[in-house]
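First the structure, in the form of structure tokens, and then the observations on it.
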Amino acid sequence: MPELPEVQTVVNSLGALINKKIIKFSYSWEKVIYNFSTKKFKDLIKSHTIKNITRKGKYIILHLNDSYLVCHLRMTGYLYLSKDLPTDNRHTRCYFILNNKEYLIFKDIRKFGGFYFYTSLSDLNKKIGIDPFDNLFNKNWLKNNLKRKKRMIKHLLLDQKFICGLGNIYIDEILWKSRIHPKSNSQNIKNTSFLYDNIISILKDSIAFHGTTIMNFTFDNMKTGNYKNKLNVYGRNGLPCNSCSKSIIKQRVAGRGTYICTYCQQ
DNA sequence: CCCGATGTTCGATT
DNA sequence: AAATCGAACATCGG
């Protein structure tokens with residue numbers, strides 16, 4: 001579920017974490033910590049103060065005194081602050097107790113999400129590419145780097161090592177608005193400037209609407225995103241294209257369910 | 001009941 | 001280098 005706008009929405013909802021201290025870590029699913037055993041992680045995390053919260057791609061980054069607590073929500077992760085522990089713990093995988101007696105709670109239906117502990121961000125930066133809101137990501141960057149690759153555009157945009165943060169929903173939306181067929185070769189894309197504008201504007205627009213809730217995405221005590229009503233292709237199989245009125249089709253591209261207007265996107 | 005699909009990522013294989 | 005596939009899981013719908 002969560003792509004860049006949803007992750008940014010979560011980051012925005014966690015501002016109250018700043019300057020709070022982590023007192024204790026508790027878990028019920030061992031694999032919720034990706035790069036350490038939970039035993040080791042407990043030691044590492046204790047008594048750290050959260051200095052800042054940022055995001056890169058789909059990763060949430062809590063800046064600690066001299067280290068980083070990084071969270072990835074994968075498909076169904078839900079990270080939120082609460083004065084109380086959940087009454088329904090079916091999907092609670094772990095939580096942190098803070099010095100003000102509040103809880104940072106991580107629920108995750110499908111158990112794919114979790115946390116990394118890093119002493120530097122270099123591992124993370126090596127793993128993923130440029131963020132769309134990075135100053136270095138501009139029209140020239142996109143033009144030059146699309147030219148360097150010979151890949152189906154949808155496949156390339158899904159690759160987090162290329163650009164990080166885009167996922168299945170927003171790529172379909174961006175390619176529809178850009179009038180680009182998802183199977184197009186990245187080298188042959190003519191209007192890269194228009195594609196750039198649509199990447200930025202669609203992400204910004206969705207952030208303003210707190211992201212898209214299709215099935216499971218919630219933030220800040222069960223709030224949901226409202227961008228779903230603004231989707232032009234995703235999930236609109238068989239419905240008329242908002243530009244030409246011909247039928248939206250669904251087809252598998254790069255192994256993912258993909259929504260296309262074959263008239264607008266040649 | 002079984003099968004397929006779901007917004008992500010990783011690693012193996014072609 | 002690029003593309004496909006299965007796995008990590010749970011849930012829902014046909």
Side-chain angles (χ1 to χ4, degrees), chain A residues 1-10 27-35 55-60 70-79 88-94 106-116 123-129 131 145-175 182-188 202-203 206-207 209-219 224-238 249-259:
Chain A
M1 60 197 267
E3 305 178 30
L4 189 152
E6 290 74 33
V7 176
Q8 184 63 50
T9 299
V10 173
Y27 68 95
S28 56
W29 172 247
E30 178 71 29
K31 294 193 206 167
V32 76
I33 309 303
Y34 291 119
N35 64 340
R55 175 195 61 70
K56 176 157 180 180
K58 300 171 190 168
Y59 293 81
I60 298 165
V70 174
C71 178
H72 198 302
L73 305 171
R74 295 289 183 104
M75 302 283 272
T76 54
Y78 171 31
L79 185 67
D88 176 2
N89 276 313
R90 274 177 308 169
H91 305 127
T92 308
R93 306 304 174 200
C94 71
F106 184 67
K107 290 191 181 192
D108 185 15
I109 297 171
R110 288 176 71 177
K111 294 179 170 173
F112 294 162
F115 294 82
Y116 301 84
D123 282 358
L124 182 62
N125 287 333
K126 253 180 276 171
K127 192 159 71 171
I128 56 181
D131 187 275
N145 283 282
L146 288 178
K147 195 133 285 166
R148 283 178 40 225
K149 305 279 186 181
K150 257 187 258 185
R151 293 176 62 181
M152 274 194 307
I153 187 64
K154 173 147 185 178
H155 203 351
L156 182 58
L157 294 179
L158 279 167
D159 186 347
Q160 303 295 299
K161 254 186 136 65
F162 183 63
I163 298 170
C164 63
L166 303 178
N168 206 34
I169 293 179
Y170 294 105
I171 292 172
D172 281 8
E173 294 299 312
I174 288 164
L175 292 178
K183 284 188 172 172
S184 309
N185 183 326
S186 55
Q187 255 177 357
N188 299 336
I202 287 176
L203 293 177
S206 179
I207 291 169
F209 282 79
H210 306 302
T212 304
T213 298
I214 303 281
M215 301 191 60
N216 296 299
F217 173 65
T218 54
F219 65 98
T224 55
N226 294 314
Y227 193 76
K228 184 176 198 271
N229 312 316
K230 306 212 32 173
L231 296 175
N232 282 299
V233 277
Y234 188 87
R236 298 192 65 248
N237 193 17
I249 61 145
K250 183 180 182 188
Q251 160 183 346
R252 257 184 132 61
V253 178
R256 313 292 299 274
T258 300
Y259 299 88

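Order of the sequence lines sets the chain letters (A, B, ...), proteins ahead of strands, with each chain counted from 1.
What you find for A:Pro182 and A:Ile153 is that their closest heavy atoms are O-CG2, 3.3 Å. Looking at every heavy atom in both residues, A:Cys164 comes nearest to A:Lys56 through SG-CG, 4.0 Å.
Using bins of under 30°, 30° to 60° and over 60° for the plane-to-plane angle, the ring pair A:Tyr116/A:Tyr59 lands in the tilted bin. Relative ring orientation between A:Tyr227 and A:Phe209 is described as perpendicular, the plane-to-plane angle rising above 60° on a 0-90° scale split at 30° and 60°.
If you check distances only, the side chain of A:Arg110 does reach the base of B:dT6 with a donor-acceptor pair under 3.5 Å.
The backbone N or O of A:Ile169 lies less than 3.5 Å from a partner atom in the side chain of A:Glu3, making a donor-acceptor pair.
For A:Phe112, whose side chain is taken as the heavy atoms from C-beta onward, the closest listed nucleotide among C:dA2, B:dT6, C:dC9 is C:dC9. Picking from C:dA10, B:dC10, B:dT8 the nucleotide with the shortest atom distance to the side chain of A:Lys127 gives B:dC10. Relative to the side chain of A:Tyr59, the nucleotides C:dT11, B:dC10, B:dT6 differ in distance, and B:dC10 lies closest.
Phosphate contact (OP1/OP2 of B:dT9, side-chain N/O of A:Gln160, threshold under 4.0 Å): present. Between A:Lys31 and C:dA8 there is no side-chain N or O to OP1 or OP2 distance below 4.0 Å. Put simply, A:Lys250 has a side-chain N or O that comes within less than 4.0 Å of OP1 or OP2 on B:dT6.
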Do any N or O atoms of the protein come closer than 3.5 Å to N or O atoms of nucleotides 3-5 of chain C, and which pairs are they?
residue, atom, partner, partner atom, Å
C:dA3, OP1, A:Met152, N, 3.2
C:dA3, OP2, A:Arg151, NE, 3.4

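With pairs defined as Watson-Crick or G-U wobble and both atom distances under 3.5 Å, the stems of at least three pairs that touch DNA chain C come out as B:2-6 with C:10-14, B:8-14 with C:2-8.
With the nearest nucleotide of DNA chain B identified for both A:His72 and A:Gly257, A:Gly257 has the one nearer the 5' end.
For the residue pair A:Lys154 / A:Asn168, a side-chain donor-acceptor distance below 3.5 Å is found, with atom types taken as modelled.
Salt bridge annotation for A:Asp131-A:Arg55: present, with a cationic side-chain nitrogen under 4.0 angstrom from a carboxylate oxygen. Under 4.0 Å is where a charged nitrogen must lie from a carboxylate oxygen, and between A:Asp159 and A:Lys161 no such pair does.
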